[in-house]
**Q** 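Quick one: the structure is below, questions incoming.
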Amino acid sequence: MKKRIMHPKKQLREILIQSLEQARGRGELDFQDLPGFEVEEPKQAEHGDLATNLAMVLAKPAKMAPRKIAEIIIKNLTAPEGMLQKVEIAGPGFINFFIEDSHWHRVLFEIHDQGPAYGNCDLGAGRKVQVEFVSANPTGPLHIGHGRGAALGDALANLLAAAGYKVVREYYINDVGNQINTLGKSLYFRLRELRGEKIEFPEDGYQGDYMKDLARNYLAAGNPPPSSAPTEEEFVPLGRYAGDVILGGIKKDLEDFGVSFDRWCRETDLYRQGLVEKSFARLQEKGFLYEKDGALWFKSTAFGDDKDRVVRRSTGVTTYFASDIAYHFFKFQQDYHLVVDIWGADHHGYVPRLQAAVEALGCQGQLQVILVQLVSLLRHGEPVAMTTRGGTFVTLREVIDEVGKDAARFIFLTRRADAHLDFDLEVAKTQSPENPVYYVQYAHARLASVFRQAGAQDLQVPKPAPALFPLMKLPEEISLLKMLAHYPEVVEAAARNLEPHRLTYFLTELASQLHSYYYKHRFISEDLPLSRARLCLVQAVQTVLAHGLRLLGVAAPETM
RNA sequence: GCGCCUGUAGCUCAGGGGACAGAGCAACGGACUUCUAAUCCGUGGGUCGUAGGUUCGAAUCCUACCAGGCGCGCCA
């Protein structure tokens, strides 16, 4: 006996299939395979609560006019008592279904039973997913673009967990290669500069002010001063030192942004564990490596890449790509059903070769790369220059301090990943209506206030009960109930498509309907049964708002 | 030159084969003796970049072109 109540949409889909089987059994319809069809909420209210294009997609295989097919489907329909109020054929052959208002009330039972878990689903069926995100090199503080990746990755991980996946959040640290040397060299020259020497700061050095701070702290901690004759050997420990300090800062920024990781994977560990050589051996064995011009190449063209790629230079040093091959080889050894990498869109050219490597290695499971477009930073509508060189880039730290974690996260999550984003610091900072995060949070806080008020009057929020339902018949109430019933599908679709922004839009709409309802109708009044019914309904609304905000990593405040 | 992303209302963006294209902001006009006005109600506003094509049906798919962004290393 299943306790779970089926959403009307799924229920209707099954009823339609039954109808088709029956019609076919009776010889009224003749077709081979059932084509894909939609059951969805029409945009127009006159078109009912749910509609299907089933008759239209069946026109060709059944060799019959859509409206005729629609008639046959309707004739064979057997819906449960009290579900369907009216069924119509419309337009070119849509079948429109009008659901009885009373049918929608049942969602309240489900929300009450599942509580904070309402909205979760079992799409993932416990399979393992890894989300790797941010992964900024430890050569400087996180900037606003990393913030967007962080918000997206974290929300996505939350979303996948809610959808029944076992999620691991991972940050990949590039601590190998000449960038660490360059970092050491940058620190070295800042140290000498601090000693009052006139120095020529290296062209390729990291010029940001944070390196000056780092140099000061380095000396303040009593570390040995720089020599006068620099050597590569001297840069290495300095680079390692700087990298560690910067990484510490990154961790702190992420923590304050509400983002945590389950694992931090260091590139050096991949080498230490011999994974680079192991992945090479695997590729060699499958015949996808060859030598040319003294270098070792991966035959990525065999998998659709534009050209083959070097994995070991003629100098004997492996490339960044080699590390990434090893890293993904390692990832897929851990039985991930899905590995999601979130990268800045400026790395898009890198996708084909990595996909090629994953395929060549014969990994079980799927790699999906999400490219997040860069953020254009504005202040009062004017572009803010973002150059590392000029030292005018805005860090994630500054954004957190200036606009706050919640507003920043929400704004990042109101755009599709592949849409460019204009982030206006002044707009994000103000609590103006231009800033939607407060609109949604306010709905939650407003309800909390209502419940406090009810509590003060000894008015309990009742459990859902059929006796309450006749008291929720206003259009605003039915409309809210429909949205609540729709919510789990939104979560599932957002998870399936790896698109957290769908949640942001849903929540804004739900908040809008709640505010409107609140304004038009008093929840707490002299009429006690009516008050109880409304409290019961809006408590369900609050549960859903809280769930959605939690997935976005945005606070659901009790007061504002 | 080649490749990827984007082009939808004045602005920022949803919608990504279905019925007359949506929201927020901005503009304009209204609503606070009220459970929080960080709110609500109303009005105006669009050849969905352009041109072809596929389809019963295209903002959505295909082709070409135009515009913006980003990539095309034995860099990371």
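Here is how names work: the chains are called A, B, and so on, in the same order as the sequence lines, proteins then strands, and each is numbered from 1.
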**Q** Please map the stems of RNA chain B, keeping only stretches of three or more Watson-Crick or G-U wobble pairs with both distances under 3.5 angstrom.
**A** B:1-7 with B:66-72, B:10-13 with B:22-25, B:27-31 with B:39-43, B:49-53 with B:61-65
**Q** Please, which pairs that meet salt bridge (Lys or Arg N to Asp or Glu O under 4.0 Å) have at least one residue in residues 41-58 of chain A, sequence neighbours excluded?
**A** Lys9(A)-Glu41(A), Asp49(A)-Lys482(A)
**Q** When you compare G7(B) with A14(B), how far apart are their P atoms, in angstrom units rounded to a whole number?
**A** 8 Å
**Q** Which of the following nucleotides, A37(B), C35(B), C74(B), is nearest to the side chain of Tyr519(A)?
**A** A37(B)
**Q** If a pair satisfies salt bridge (Lys or Arg N to Asp or Glu O under 4.0 Å) and one of its residues is in residues 523-539 of chain A, list it, with sequence neighbours excluded.
**A** Glu477(A)-Arg534(A)
**Q** Where does C32(B) land, syn or anti, given syn is within 90° of 0?
**A** syn
**Q** Check if the side chain of Glu46(A) and the base of C20(B) share a donor-acceptor pair of N or O atoms closer than 3.5 Å.
**A** yes
**Q** Trp297(A) has a side chain; which of C74(B), C70(B), A37(B) sits nearest to it?
**A** C74(B)
**Q** Look at the side chain of His347(A) and the base of G71(B), then say whether one donor and one acceptor between them are separated by less than 3.5 Å.
**A** no
**Q** Say we look at C75(B) and G15(B): how far apart would their P atoms be, to the nearest angstrom?
**A** 40 Å
**Q** Ring centroids only, cut at 6.0 angstrom: are Phe523(A) and Tyr517(A) within range, meaning strictly under it?
**A** yes
**Q** If you look at every strand shown and take non-hydrogen atoms under 4.0 Å, does His515(A) touch a base, only sugar-phosphate, or nothing?
**A** sugar-phosphate
**Q** Between the side chain of Glu132(A) and the main-chain N/O of Val339(A), is any donor-acceptor distance below 3.5 Å?
**A** no
**Q** When all nucleic acid strands are considered with a 4.0 Å heavy-atom cut-off, which category describes Asp306(A): base, sugar-phosphate, or nothing?
**A** nothing
**Q** Please state the C1' separation for the pair U50(B) and G44(B) - nearest whole angstrom.
**A** 28 Å
**Q** Quick test of your reading: applying salt bridge (Lys or Arg N to Asp or Glu O under 4.0 Å), list the pairs with at least one residue in residues 514-523 of chain A, sequence neighbours left out, ordered by first then second residue.
**A** Glu476(A)-Lys520(A)
**Q** Over all strands shown, is Ala454(A) touching base, sugar-phosphate only, or nothing at heavy-atom distances under 4.0 angstrom?
**A** nothing
**Q** Return the stacking result for A19(B) and His47(A): yes when the ring centres lie under 5.5 Å apart and the planes under 30°, no otherwise.
**A** yes
**Q** Mark yes or no for whether His486(A), through its side chain, and Phe506(A), through its backbone, hold a donor-acceptor pair below 3.5 Å.
**A** no
**Q** Would the number of heavy atoms belonging to other residues, nucleotides or ligands and lying under 6.0 Å from NZ of Lys68(A) be above 12?
**A** no
**Q** Between Arg266(A) and Asp244(A), is the closest basic N to carboxylate O distance under 4.0 Å?
**A** yes
**Q** When the P atoms of C40(B) and C25(B) are considered, how many whole Å apart are they?
**A** 8 Å
**Q** Parallel, tilted or perpendicular: which fits the ring planes of Trp297(A) and Tyr290(A), with parallel below 30° and perpendicular above 60°?
**A** parallel
**Q** Using a heavy-atom cut-off of under 4.0 Å over every strand shown, decide if Ala59(A) touches base, sugar-phosphate, or nothing.
**A** nothing
**Q** Asn96(A) near the nucleic acid: base, sugar-phosphate alone, or nothing, with a heavy-atom cut-off under 4.0 Å?
**A** base
**Q** Rounding to an integer number of angstrom, what distance separates A38(B) and G29(B) when you compare their C1' atoms?
**A** 22 Å
**Q** With a 4.0 Å cutoff (strictly under), does any side-chain N or O of Tyr518(A) reach OP1 or OP2 of C32(B)?
**A** no
**Q** When all nucleic acid strands are considered with a 4.0 Å heavy-atom cut-off, which category describes His444(A): base, sugar-phosphate, or nothing?
**A** nothing
**Q** Could you tell me whether Gln44(A) contacts a base, only the sugar-phosphate backbone, or nothing, with contacts defined as non-hydrogen atoms closer than 4.0 Å?
**A** base
**Q** Tell me what Glu509(A) touches on the nucleic acid: a base, only sugar-phosphate, or nothing, going by heavy atoms under 4.0 Å.
**A** nothing
**Q** Which part of the nucleic acid, if any, lies within reach of Ser516(A) when heavy atoms closer than 4.0 Å are counted: base, sugar-phosphate only, or nothing?
**A** sugar-phosphate
**Q** Counting the atoms with a prime plus P, OP1 and OP2 as sugar-phosphate, which does Phe321(A) contact under 4.0 Å by heavy atoms, base, sugar-phosphate, or nothing?
**A** nothing
**Q** Taking the P atom in each of A59(B) and G16(B), what is the distance between them to the nearest angstrom?
**A** 14 Å
**Q** What distance, rounded to whole Å, do you find between the two P atoms, one in G24(B) and one in G57(B)?
**A** 34 Å
**Q** Side chain of Asn178(A) only, heavy atoms from C-beta on: which candidate in C70(B), A76(B), C74(B) is closest?
**A** A76(B)
**Q** Using a 4.0 Å heavy-atom cut-off across all strands, classify Ala51(A) as base, sugar-phosphate, or nothing.
**A** base
**Q** Say whether, by atom type as modelled, one donor and one acceptor occur between the side chain of Arg379(A) and the main chain of Asp424(A) under 3.5 angstrom.
**A** no
**Q** For Tyr350(A), which contact category applies under a 4.0 Å heavy-atom criterion: base, sugar-phosphate, or nothing?
**A** base
**Q** Using OP1 and OP2 only, check whether a side-chain N or O of Arg446(A) sits under 4.0 Å from A37(B).
**A** yes
**Q** With rounding to whole Å, what would you report as the distance between U63(B) and G3(B) at their P atoms?
**A** 11 Å
**Q** Just checking Thr508(A): base, sugar-phosphate only, or nothing, at a heavy-atom cut-off of under 4.0 Å?
**A** nothing
**Q** For Phe94(A) and G18(B), are the ring centres under 5.5 Å apart with planes inclined under 30°?
**A** no
**Q** Test: salt bridge (Lys or Arg N to Asp or Glu O under 4.0 Å). Region: residues 300-309 of chain A. Which pairs qualify, not counting sequence neighbours?
**A** Asp305(A)-Arg309(A)
**Q** Look at the side chain of Ser449(A) against the base of C35(B) and say whether a donor-acceptor pair falls under 3.5 Å; ignore hydrogens and angles.
**A** no
**Q** Return the polar atom pairs (N/O with N/O) between nucleotides 10-14 of chain B and the protein under 3.5 Å, or none.
**A**
{"from": "U12(B)", "atom 1": "O2'", "to": "Arg415(A)", "atom 2": "NH2", "distance (Å)": "2.3"}
{"from": "C13(B)", "atom 1": "OP1", "to": "His420(A)", "atom 2": "O", "distance (Å)": "2.9"}
{"from": "C13(B)", "atom 1": "OP1", "to": "Asp422(A)", "atom 2": "N", "distance (Å)": "3.4"}
{"from": "C13(B)", "atom 1": "O5'", "to": "Arg415(A)", "atom 2": "NE", "distance (Å)": "3.1"}
{"from": "C13(B)", "atom 1": "O2'", "to": "Tyr505(A)", "atom 2": "OH", "distance (Å)": "2.6"}
{"from": "A14(B)", "atom 1": "OP1", "to": "Arg416(A)", "atom 2": "N", "distance (Å)": "2.9"}

